[in-house]
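Owing to the predicted nature of the structure, the values given are computational and were not obtained by experimental measurement. Values below: all heavy atoms of this structure, side chains included; hydrogens, waters and symmetry mates excluded. Positions are given from 1 along the sequence.
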Amino acid sequence: MSERDEFRRDKDEFFRHHPQSPLTPEQRATFEGLSYFPEDPTIVIRAPLDADVDRDEPIVMQTSTGGTQEYRRAGIVRFQIDGQAAQVTLYASPEQHELFLPFRDATSGRDTYGAGRYLEVEPPDAAGTVEVDFNDAYNPYCAYNEAWSCPIPPGENWLSVPIRAGEKAFAPPAAEGSGSD
């Protein structure tokens, strides 16, 4: 079993049994596991982090519950997906070592959670390069339970290309019919 498969299995166990699971008790009772795109090594981006951005300007992200969270730009990563140019902005927060990448893409609202997905990215190495592994893209907790407050990806991270990697949309099992014998 790969490290990623083991992580996903552990995440399913956490969602199924842990008291801090984002799932409601009703969802946990029927939870069969999260769904993912097949792992794709071509969607692991190793690229320079262009840090020539305004790091002083606060980026205020709206949250799913109407609040806000503040970040600072750390830099921009440029890459190609299926021959199409794309770029994302990574954000820094004083509370986190890793950089935050909230994004939407052409799969949002179809195959993936409509509001977008997230990634954490290690800071750049000594050469200024980061690795953005879209296979690790995951849904924010508000995708499972609207009581959670999650930052909504800003417009600069709305990609027109599809990112067919990582976690798919959460689809809880259909409720049992109430009119059966």
Side-chain angles (χ1 to χ4, degrees), residues 1-15 22 34-63 68-108 111-113 115-143 148-168:
M1 176 179 289
S2 75
E3 191 174 314
R4 181 170 283 121
D5 289 338
E6 190 172 323
F7 174 83
R8 289 174 175 178
R9 184 198 66 212
D10 291 348
K11 185 174 181 177
D12 282 349
E13 284 302 305
F14 175 85
F15 273 44
L34 299 173
S35 179
Y36 299 90
F37 287 95
E39 192 167 342
D40 181 356
T42 68
I43 207 140
V44 179
I45 310 302
R46 284 195 51 75
L49 179 66
D50 179 354
D52 188 20
V53 295
D54 184 350
R55 294 171 177 253
D56 295 326
E57 176 192 2
I59 304 302
V60 178
M61 294 185 201
Q62 296 296 312
T63 68
T68 61
Q69 290 185 11
E70 189 171 300
Y71 294 86
R72 304 270 182 210
R73 285 184 184 94
I76 296 171
V77 177
R78 293 173 181 84
F79 55 98
Q80 296 233 339
I81 296 288
D82 295 332
Q84 295 182 56
Q87 70 178 39
V88 290
T89 300
L90 304 184
Y91 302 94
S93 167
E95 298 87 34
Q96 294 180 307
H97 162 75
E98 297 158 318
L99 302 177
F100 180 49
L101 172 51
F103 70 97
R104 287 182 48 135
D105 66 280
T107 70
S108 297
D111 299 322
T112 62
Y113 180 53
R117 294 178 288 162
Y118 297 166
L119 275 172
E120 274 74 44
V121 177
E122 287 295 320
D125 62 19
T129 300
V130 292
E131 181 175 285
V132 177
D133 187 346
F134 284 107
N135 291 292
D136 292 331
Y138 64 93
N139 292 327
Y141 277 7
C142 54
W148 288 87
S149 183
C150 307
I152 297 169
E156 65 188 352
N157 277 357
W158 287 24
L159 303 170
S160 61
V161 296
I163 304 293
R164 292 184 190 92
E167 196 172 322
K168 291 184 175 182

Go through Gln84 and Leu159 one step at a time and tell me if the side chain to side chain contact (heavy atoms under 4.5 Å, CB included) criterion holds. CA-CA 11 Å; Gln84 295 182 56; Leu159 303 170; over 6 Å; no
Salt bridge check, Asp136 against Arg4: does any charged N sit closer than 4.0 Å to a carboxylate O?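 Here Arg4 pairs with Asp136 in a salt bridge, since their nearest N and O are under 4.0 Å apart.
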Before accepting this row, confirm whether a basic side-chain N of the pair Arg78/Asp50 lies closer than 4.0 Å to the acidic partner's carboxylate O.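 A salt bridge is present here (some side-chain N lies under 4.0 Å from a carboxylate O).
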In the structure I gave you, are the side-chain heavy atoms of [X] and [Y] within less than 4.5 Å of one another anywhere?
X: Gln69; Y: Phe100; value: no
X: Pro151; Y: Gln62; value: no
X: Pro140; Y: Trp148; value: no
X: Tyr91; Y: Pro102; value: yes

Closest non-hydrogen atom pair between [X] and [Y], with its separation:
X: Ala74; Y: Leu99; value: CB-CD2, 3.7 Å
X: Val130; Y: Pro123; value: CG1-C, 4.2 Å
X: Pro153; Y: Ala115; value: CD-O, 3.1 Å
X: Cys150; Y: Cys142; value: SG-SG, 2.6 Å
X: Gln87; Y: Phe79; value: CA-CE2, 4.0 Å

[X] side chain vs [Y] backbone, donor-acceptor pair below 3.5 Å:
X: Thr112; Y: Thr107; value: yes
X: Asn135; Y: Ala165; value: no
X: Asn139; Y: Lys168; value: yes
X: Arg104; Y: Arg117; value: no

I'd like to know whether Ile81 forms a side chain to side chain contact (heavy atoms under 4.5 Å, CB included) with Ile43, so could you lay out the CA-CA distance, the side-chain angles of the two residues, the decisive distance to 0.1 Å, and finally the verdict. CA-CA 8 Å; Ile81 296 288; Ile43 207 140; 3.9 Å; yes
Test side chain to side chain contact (heavy atoms under 4.5 Å, CB included) applied to Asp10 and Glu6, step by step: CA-CA 6 Å; Asp10 291 348; Glu6 190 172 323; 4.2 Å; yes
Go through Arg73 and Ile59 one step at a time and tell me if the side chain to side chain contact (heavy atoms under 4.5 Å, CB included) criterion holds. CA-CA 7 Å; Arg73 285 184 184 94; Ile59 304 302; 3.1 Å; yes
Which residue is it: Ile45, Thr42, Asp105? I am looking for the one with a side chain to side chain contact (heavy atoms under 4.5 Å, CB included) to Phe134. Ile45
Scan Asn157, Val53, Val77 and name whichever one has a side chain to side chain contact (heavy atoms under 4.5 Å, CB included) with Leu90. Val77
Working to the nearest 0.5 angstrom, can you tell me the gap between [X] [atom1] and [Y] [atom2]?
X: Glu122; Y: Asp133; atom1: CD; atom2: CG; value: 12.0 Å
X: Arg9; Y: Ser2; atom1: CZ; atom2: OG; value: 10.5 Å
X: Ile76; Y: Leu49; atom1: CD1; atom2: CG; value: 8.5 Å
X: Arg8; Y: Phe15; atom1: CZ; atom2: CZ; value: 12.5 Å

More than 12 heavy atoms of other residues, nucleotides or ligands under 6.0 Å from [atom1] of [X]: is that the case?
X: Phe14; atom1: CZ; value: yes
X: Glu57; atom1: CD; value: yes
X: Asp52; atom1: CG; value: no

Does a side chain donor of either Glu167 or Tyr118 reach within less than 3.5 Å of an acceptor in the other side chain? no
